[in-house]
Amino acid sequence: MPRTPTIARTLPALRRATADLRRGNRALALVPTMGALHDGHISLVRLARRRADRVVVSIFVNPTQFAPHEDFGSYPRTWADDIAKLKAEGVDLVWAPARQTMYPDGFATRIAPEGAALAGLEDRFRPHFFGGVATVVGKLFAQCRPDVAIFGEKDYQQLKVVARLALDLDLGVKVVGAPIKRERDGLAMSSRNVYLSPEDRARAPALYRALKRAAARLRAGDDPEQVLAEGRTTIAEAGFVIDYFEARDAETLGALSSRADSARRLLVAAKIGKTRLIDNLKV
Ligand code: AMP
C-alpha cells in the first residue's frame with residue numbers, strides 16, 4: 001500500500017518536508033496543478049517519477065490567472081479524489097497553500113513574461129493569463145526549489161513561457177514537457193471537460209480531428225493559409241466559435257518561417273457552448 005503523501009499547507013511545513021525529501025542529495029521533481037486531477041495530470045506525475053527521486057505535486061487554483069469574468073469560483077475542486085489518486089501514484093508531497101499564503105496582504109510583485117507570452121495566441125484572448133501563470137510558477141519554483149518541473153504540452157504556449165522563465169531568472173529548474181493525454185475519441189483531457197453538456201461533449205472531438213487533418217495536409221506541403229481556412233470552416237461547422245486556429249514555429253511560436261526544416265505546431269482555442277477548449281498538435 002503506498003503511503004498517503006505528506007500535505008504541506010504553510011511555507012515552514014513545505015521547507016521541512018522538501019529538506020527531508022532532498023536528504024542524501026536526492027533530486028526533486030515538481031508537478032504544478034490546479035487540482036481536479038485526471039489521467040493527463042497523472043501522466044505528468046509518472047514522468048516526474050522517471051526524472052527524479054522524489055515527487056512533489058502542487059495543488060493551487062491560482063486566482064491571478066483568471067480574469068474577473070472567468071471561472072475561478074466554479075473551477076472544479078475535488079480534493080479527496082485528488083489525494084487518493086496521488087497516493088496511488090506514490091507521490092511524496094502535496095503542496096497546497098492557502099490563497100493568503102501565496103498572496104499575503106501587501107503582495108505587490110508580478111512577473112511580466114514576453115517572447116512566447118506575446119505570440120498573439122492565448123494572450124490575445126486572456127491578456128491577464130501569462131502574467132498570472134509566470135508569477136505563480138516563479139513562486140512555486142522559489143518555494144519548492146525543484147530540480148525538474150513537468151508541464152503538459154496541452155498548454156503548449158504556457159510550456160514555452162515557463163521554460164523561458166526558468167532560464168531567464170536562473171532558477172536552476174529543468175522544465176520538461178509531457179505529451180497530451182487524450183480520451184479515446186481524441187478529446188484532450190482537461191479539468192474543464194466536466195463543463196461540457198452531453199451534446200457538446202459528443203461534438204468536441206471535432207477539434208482534434210481538424211488538427212490531425214490540417215497537420216497531415218501541411219506535412220504533404222499544402223498551402224498553410226488554405227489549410228488553416230479549411231480547418232476553421234470545419235471547426236465552425238462542428239458548432240465551435242473559434243478564438244484562433246494557427247500554425248506557428250514550434251519553438252518561438254512566431255509566424256512560420258520559410259525554413260523548411262523548422263518544427264511547426266498547430267494550435268487551436270475554441271468555445272463550444274459555454275466551454276472554452278484548447279488543443280495543439282505537432283505538424
Ligand atoms: P492544470 O491543472 O489544468 O493547470 O494543469 C496542470 C498541468 O497538467 C499543466 O502543465 C497542464 O499542461 C497539464 N495537463 C493538463 N491536461 C493535460 C493533458 N490532457 N495531457 C497532458 N498534460 C495535461
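All residue numbers refer to positions in the sequence shown, counting from 1. Each ligand, and each atom within it, is numbered from 1 in the order the structure gives.
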For Thr33, the ligand 1 atoms with a heavy-atom partner under 4.0 Å come out as 2 (O), 6 (C)

Drop me the distance from Arg126's CZ to Glu122's CD, to the nearest 0.5 angstrom.
6.0 Å

So which protein heavy atom does atom 4 (O) of ligand 1 come closest to, and at what separation?
Met34 CG, 3.6 Å

Check: of Leu159, Ile150, Leu44, min heavy-atom distance to atom 8 (O) of ligand 1 comes from Leu44

Looking only at protein heavy atoms, which one is nearest to atom 12 (O) of ligand 1, and what is the separation?
Asp155 OD2, 2.6 Å

Is there a chain of hydrophobic side chains (I, L, V, M, F, W, Y, each step under 4.5 Å between heavy atoms) that links Leu281 to Phe151?
no

Nearest-contact summary for atom 23 (C) of ligand 1 - protein heavy atom, Å
Lys154 CB, 3.8 Å

Filtering Ser43, Gly152, Pro32 for the heavy atom nearest atom 6 (C) of ligand 1 leaves Pro32

With backbone taken as N, CA, C and O and side chain as the heavy atoms from C-beta onward, which portion of Tyr75 lies under 4.0 Å from ligand 1: side chain, backbone, both, or neither?
side chain

Proximal ligand 1 atoms for Phe151, defined as those under 4.0 Å from one of its heavy atoms
10 (O)

Parallel, tilted or perpendicular: rings of His41 and His38 (30°, 60°):
tilted

side-chain contact (heavy atoms from CB on, under 4.5 Å) for Val61 and Phe72? Distances and angles first, verdict last.
CA-CA 8 Å; Val61 185; Phe72 176 74; 3.7 Å; yes

With a heavy-atom distance limit of 4.0 Å, tell me whether Ala178 approaches ligand 1 through its side chain, its backbone, both, or neither.
neither

Mark up the atoms of ligand 1 that fall under 4.0 Å of a heavy atom belonging to Met189, in ascending order.
16 (N), 17 (C), 18 (C), 19 (N)

Closest non-hydrogen protein atom to atom 21 (C) of ligand 1, residue and atom name please, with distance?
Pro179 O, 3.4 Å

How does Arg182 reach ligand 1, if at all, at less than 4.0 Å between non-hydrogen atoms: by side chain, backbone, both, or neither?
neither

Could you pull out, from His41, His38, Lys181, Gln65, the option with a heavy atom nearest to atom 16 (N) of ligand 1?
His38

In plain terms, say whether Asp279 and Lys212 are close enough for a salt bridge, that is, a side-chain N and a carboxylate O under 4.0 Å apart.
no

Out of curiosity, Leu118 CG to Arg124 CZ, how far, rounded to the nearest 0.5 Å?
13.0 Å

Which of the numbered atoms in ligand 1 are below 4.0 angstrom from a heavy atom of Ile180?
20 (N), 21 (C)

Can Asn62 and Tyr75 be counted as having a side-chain donor-acceptor contact under 3.5 angstrom?
no

Would you compute the distance between atom OH of Tyr195 and atom CG of Leu277 and round it to the nearest 0.5 angstrom?
11.5 Å

When you compare the side chains of Gln157 and Asp123, does any donor N or O come within less than 3.5 Å of an acceptor on the partner?
yes

